[in-house]
Amino acid sequence: MAILAHEKSRIIIQGLTGKVGRIFSQRMTENKTPLVGGVTPGRGGTTDDFGVPVFNLVEEACRSTGADWSFICVPPLAVRDAVIEAIDGGIKYIVIYSEGVPVQDAVVFLHYAAQKNVLIFGPNSAGVYSPGKASVGDLNEYLISPGNVGIISKSGTLTYEVVDLLKSINLGATTVACLGGDPLVGCDYLTLLKEFDKDDETKLIIILGEPGGDLEIKAAPYIKEMSKPVVAYIIGQNAPEGKKMGHAGALVSNKEETAESKKAILAAAGAHVVSTLTQIPKAVKQAMY
Amino acid sequence: MNLLECEGKKLLKEYGIAIPQGQLITGRELPQGLPYPLALKSQVPVGGRGKAGGIRIVKDAGEAAKALEEICNLRIKGHLPSAILAEETVEIRQELYISFTIDRKEKKELLLFSQSGGMDIEEISREHIVALTINPLLGLQEYQINRLFFGSSIADEPKKQIKAMVRKLYRLFKEKKLELLEINPLVITAADILCLDAKVVLEDILYYLDSSRLPRAQYSFEETTHALGVNGVELSGDIALITSGAGLGLATIDEIMSLGGSVRAFVDMGPLVHHKEEMMKVIRLVADLKPKAFLFVYFFQVASCVAMAEAIVNTVGDIPTAVRSRGREEAEAKMLLEQKGCYVTTNFHDAVSNAIALAAKGGM
């Protein structure tokens, strides 16, 4: 099994015919991910270059395709409207790929999503990927095959490295989920840990976190209760304080939010905590067998 | 981006929020038509101006000319002023504090208010601060505005004026999608309620869309890289690190430090990986910091390794360079980089240790 995204998911792309949307339409079509349509206002009724049906509105797309996932790659200042349209249209899971969304916009749509029980990955998320079943984002077959590891990450580029390392020790994933690099994101570690815990095929979960915020800390009590092993790497233990290191989300606002503090809290909860990327394969092998 | 005080006040004025009468001085010319004594305030995008001597009260034109000369040449936390703001001085009866920001943990808007303003919010004791969270879908409610004044000794008339101002400030905060709007102090004078200072933090993306901003006297490495569309940080070590993403960048810094190396600068090139010319501008900027070695780490799913490799070979010059090149079109990229004499590998760890070795050699 995979969690959340699987072969029965029905995915649309908001921003289908844009520069980024085209790339994803092609890739999802080639990778046989269940992409059922896309939305570009004004182009409804046509199909794009890869045969994907285009709709004017999310509502129409949902009605004719039964879509439940949306991949949003519209310009950052258009994201707020796109997310609210997706929620109103009946979408249940949203990946916001766009980067640079104003925090005030995020506050509004995250609130609305929570009210309507819609799960949001991002903003600034590389997406969700269940190998062999569905890819709602950057990751694809060439990177990682089906397996027994669940991955929850704040960072897309770091996730590529980790799946690559897993591949080198012949391990694959059930599902890989990127929460997004922004300071305010929708889905958190705790929500996904519970999903992975319920999933029979997932034998081990890797958490990739960063300084700033409290998402990793909120997951610690649950990690303590879980029977499945958790390997955790919090990047940025050497990041200078008060500097914006790429992810705005990685800005530390109090002592508990540093990488060192998060590592200690997760270790105390029983997670196998590593200090560098290259230590991950060994820790995974030890925790799994 | 932090706005200058005068830019923040321009926004306040647009929203009908009262500020002192003032004039912006961009050269050395004396202010005209403002009554002395005047306040002359250095326009730098950082806090702590008062303590650094960047705010002067002058009694006449003679004092003003002398103070102007001094402030114009005064660096505050490394910044020379973009301009000097001359303002009327007012008789202050009471100083208040008000700010709007985003509470990250609660995912709500946060209003902080205090009737003892004038000092940093961190210095105001907790019992004198009212903190209200605002539901972003509902906005600031009247009962919340009323709550700011429970147990307050402020008279009815100024209270009414402050309430009206709070509504306007909130509207500004929302409409301009500000990261921070802080008025400290908000002052009560005999006749008015005025915003004596304004700290406004604008979303980067909105800042660079607005061409009316005053040019800064100089830009930090961070600001220059932001203006090019990426996040950069200047540090004091040896290796200049450029990666295809922020998370990968922080993980690379962990690896560098764990192997005994150090970082001169870090740039997350993520947003520009499709734009070769823009990447070249960024790399040139980093080369100006004279790092002992360059380390590039990337793994491309969608973008091409070749674009990055071309940007690298055109810009790194004589600086020793190690590249971890992986992903789309990695074979072609490898050839280009090797011709230039770069160390190229697909292995993350090897790239890092090689960069450390190159930096050590370059340092001898």
Side-chain angles (χ1 to χ4, degrees), chain A residues 19-20 23-24 27 76-77 99-108 110-112 114-115 126 138-140 142-143 153-161 164-165 181 183-184 208 210-214 233 235-240 243-250 253 259 275-279, chain B residues 101-105 107-109 135-138 173-174 176-179 203-206 209 222 226 229-236 243-259 262-263 266-268 270-271 274 297-302 326-327 346 348-349 352:
Chain A
K19 196 177 168 193
V20 182
I23 296 172
F24 280 96
R27 285 176 47 178
L77 296 178
E99 191 173 350
V101 177
V103 178
Q104 284 219 24
D105 285 350
V107 167
V108 169
L110 291 176
H111 241 76
Y112 191 52
Q115 270 183 12
D138 261 352
L139 293 140
N140 59 48
Y142 141 79
L143 280 170
S153 173
K154 275 287 277 172
S155 154
T157 50
L158 181 63
T159 308
Y160 309 151
E161 301 296 331
D164 202 40
L165 288 169
L184 286 182
L208 303 170
E210 64 185 9
D214 63 348
Y233 173 33
I235 54 172
Q237 57 213 339
N238 300 298
K243 297 258 190 188
K244 194 166 172 178
M245 303 293 281
H247 280 175
S253 66
S275 298
T276 62
L277 186 59
T278 40
Q279 291 170 359
Chain B
T101 181
I102 300 291
D103 182 335
R104 177 173 169 173
K105 280 187 188 162
K107 295 182 185 170
K108 282 182 178 169
E109 298 157 359
N135 182 319
L137 300 180
L138 299 174
F173 171 71
K174 284 287 265 195
K176 297 290 179 188
K177 302 186 182 186
L178 303 179
E179 290 186 8
E203 287 273 351
D204 283 356
I205 185 171
L206 299 169
L209 280 177
E222 279 81 353
H226 283 192
V230 294
N231 282 315
V233 179
E234 183 182 354
L235 300 162
S236 55
T243 67
S244 54
L248 177 56
L250 285 179
T252 311
I253 294 175
D254 286 343
E255 189 81 12
I256 292 172
M257 308 286 269
S258 79
L259 295 174
S262 64
V263 180
F266 162 53
V267 176
D268 162 15
H274 296 283
V297 178
Y298 53 87
F299 189 170
F300 289 129
Q301 319 309 319
V302 181
R326 193 111 209 253
T346 54
F348 173 76
H349 175 86
V352 173

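- Interface remark: F299(B) contributes backbone and side-chain atoms alike to the contact with chain A (heavy atom separation under 4.5 Å).
- For Q301(B) (side chain) and L139(A) (main-chain N/O), no donor-acceptor pair under 3.5 Å exists by modelled atom type.
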Please report the C-alpha distance between D164(A) and F348(B) in whole Å, then the side-chain angles of each, then the deciding distance to 0.1 Å, and finally whether the side-chain contact (heavy atoms from CB on, under 4.5 Å) criterion is met.
CA-CA 11 Å; D164(A) 202 40; F348(B) 173 76; over 6 Å; no
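- L110(A) touches chain B through its side chain: at least one heavy atom from C-beta onward sits under 4.5 Å away, while N, CA, C and O do not.
- Proximity to chain B is absent for every atom of L208(A), based on heavy atoms less than 4.5 angstrom apart.
- Between the side chain of H111(A) and the main chain of K107(B), a donor-acceptor pair closer than 3.5 Å is present.
- The parts of F173(B) that come within reach of chain A are both its backbone and its side chain, each placing non-hydrogen atoms under 4.5 angstrom from that chain.
- Considering every non-hydrogen atom in both L158(A) and G247(B), the closest pair reads CB-C, 4.0 Å.
- Here the closest non-hydrogen pair linking S258(B) and T276(A) is OG-CG2, 3.6 Å.
- Closest non-hydrogen pair, A251(B) versus I235(A), comes out as CB-CG2, 3.8 Å.
- With E203(B) contributing its side chain and V103(A) its backbone, the two residues share a donor-acceptor pair below 3.5 Å.
- Taking CG of L277(A) as the reference point, atom CD of E255(B) lies at 6.5 Å (rounded to 0.5 Å).
- No option in L137(B), N135(B), I102(B) other than I102(B) meets the side chain to side chain contact (heavy atoms under 4.5 Å, CB included) test with V107(A).
- For L206(B), the part sitting under 4.5 Å from any heavy atom of chain A is the side chain, from C-beta outward, and nothing else.
- For a residue to count as touching a neighbouring chain, one of its non-hydrogen atoms must lie under 4.5 Å from one of that chain's; by this rule Q115(A) touches chain B with the side chain only.
- Atom CD of residue Q237(A) and atom CG of residue L250(B) lie 10.0 Å apart, to the nearest 0.5 angstrom.
- Taking K108(B), M257(B), H349(B), H274(B) one by one and counting their heavy-atom pairs under 4.5 Å with chain A, the maximum is reached by M257(B).
- Scanning both residues, D254(B) and G236(A), for their nearest heavy atoms gives OD2-N, 3.0 Å.
- Checking side-chain atoms of T157(A) against main-chain N and O of L248(B) turns up a donor-acceptor pair under 3.5 Å.
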*Test side-chain contact (heavy atoms from CB on, under 4.5 Å) applied to R104(B) and L184(A), step by step*: CA-CA 6 Å; R104(B) 177 173 169 173; L184(A) 286 182; 3.9 Å; yes
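- Using a 4.5 Å cut-off between heavy atoms, S275(A) contacts chain B through its backbone alone, with no side-chain atom that close.
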Test side-chain contact (heavy atoms from CB on, under 4.5 Å) on K174(B) and V108(A) and set out the steps.
-> CA-CA 11 Å; K174(B) 284 287 265 195; V108(A) 169; 4.3 Å; yes
